[in-house]
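In what follows, chains are A, B, ... by sequence order, proteins preceding strands, each numbered from 1.
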There are 2 protein chains.
Amino acid sequence: MDKVKIPIKKIENPNKRQVCYSKRKMGIFKKASELSIMCGAEIAIIVFSPAGKAFTFGSPDINFMVDKYQNFPVYINDKKVDKSWISEQEYNFILRELDAEKKHT
Amino acid sequence: MDKVKIPIKKIENPNKRQVCYSKRKMGIFKKASELSIMCGAEIAIIVFSPAGKAFTFGSPDINFMVDKYQNFPVYINDKKVDKSWISEQEYNFILRELDAEKKHT
DNA sequence: GCCCCTATATATAATAC
DNA sequence: TGTATTATATATAGGGG
């Protein structure tokens, strides 16, 4: 069981990918819920599955937050990125760099 | 170190709450990144910190997804909730019920 | 605030039902 | 699809620098 080290790359097997998607989506929603409760933060998540279904999580209200988002400057690691956003590739690249650094140490 | 079982409730100590927020936000963004890469899903996250800053994560593009969201039916656990959303309280209630069930077993 | 460390809690991949 | 199991991987609370 789970002898394989989980590489962060696309899962080719469709069935496994679907299972992984369901589990991780649930996990993320749970963590989002915990964050909002424990830290008093507001968080909205929108997920589009490969199958084309959309799932959302919003605290307190996803429509409210989407609207609020339009009028807020956005920060990434304390850097203001005004009306921009971080791409998945960019974010993953940063994370991988950090991981690599840690392993070297 | 960490002898306390972390209860899912509001952290009263402001300093601890801030630290917890930072760590967990980073963790959620990382997991969102992994989900999009491994499963080919599209995911957008908007977080408003208690301090009033907004952080976003979007794959492939948060504005695109926010827009796309407007035109999609939304599902929660395969239940179509057309143009509605799940509240944090509601979601947490469901999760806690499930946890309670598991502990009984 | 960030980074490091450690012990523990949680998430999850593979599998079976 | 959902549930359960189990071993492992990851996340994280608390504390120090």
* Atom-pair distance (CZ on R24(B); P on dA13(D)), nearest Å -> 5 Å

* Please give, in whole Å, the distance from dT15(C) P to N15(A) CG? -> 11 Å

* **Residue pair A32(B) / I45(B): nearest heavy atoms and the distance that separates them** => CB-CD1, 3.6 Å

* Asked: Does K16(A) put a side-chain nitrogen or oxygen below 4.0 Å from OP1 or OP2 of dA13(C)?
  -> no

* Side chain of C20(B) (C-beta onward), nearest among dT1(D), dA11(C), dA13(D) -> dA13(D)

* Asked: In whole Å, what is the span from the CG atom of N13(A) to the P atom of dA14(C)?
  -> 9 Å

* Structure fact -> To the nearest angstrom, the CD-P distance between Q18(B) and dG1(C) comes to 4 Å

* Looking only at heavy atoms, what is the nearest atom pair of R17(B) and I11(B), with distance? -> NH1-O, 2.8 Å

* To do: Determine the minimum heavy-atom distance between V47(B) and Y21(B), stating which atoms define it.
  => CG1-OH, 3.4 Å

* Structure fact -> Closest non-hydrogen contact found for I43(B) with S36(B) is CG2-CB, 4.1 Å

* Distance below 4.0 Å between K30(B) side-chain N/O and dA11(D) OP1 or OP2 -> yes

* Report the distance from atom NZ of K31(A) to atom P of dA9(D), rounded to the nearest whole Å. => 18 Å

* Distance, rounded to the nearest Å, where K25(B) contributes NZ and dG1(C) contributes P -> 9 Å

* Would you state whether a donor and an acceptor, one from the side chain of K23(B) and one from the base of dA13(D), lie under 3.5 Å apart? => yes

* Structure fact -> L35(B) atom CG is separated from dA11(D) atom P, nearest whole Å, by 13 Å

* Expressed in angstrom and rounded to an integer, what is the separation of E12(B) atom CD from dA13(D) atom C1'? -> 17 Å

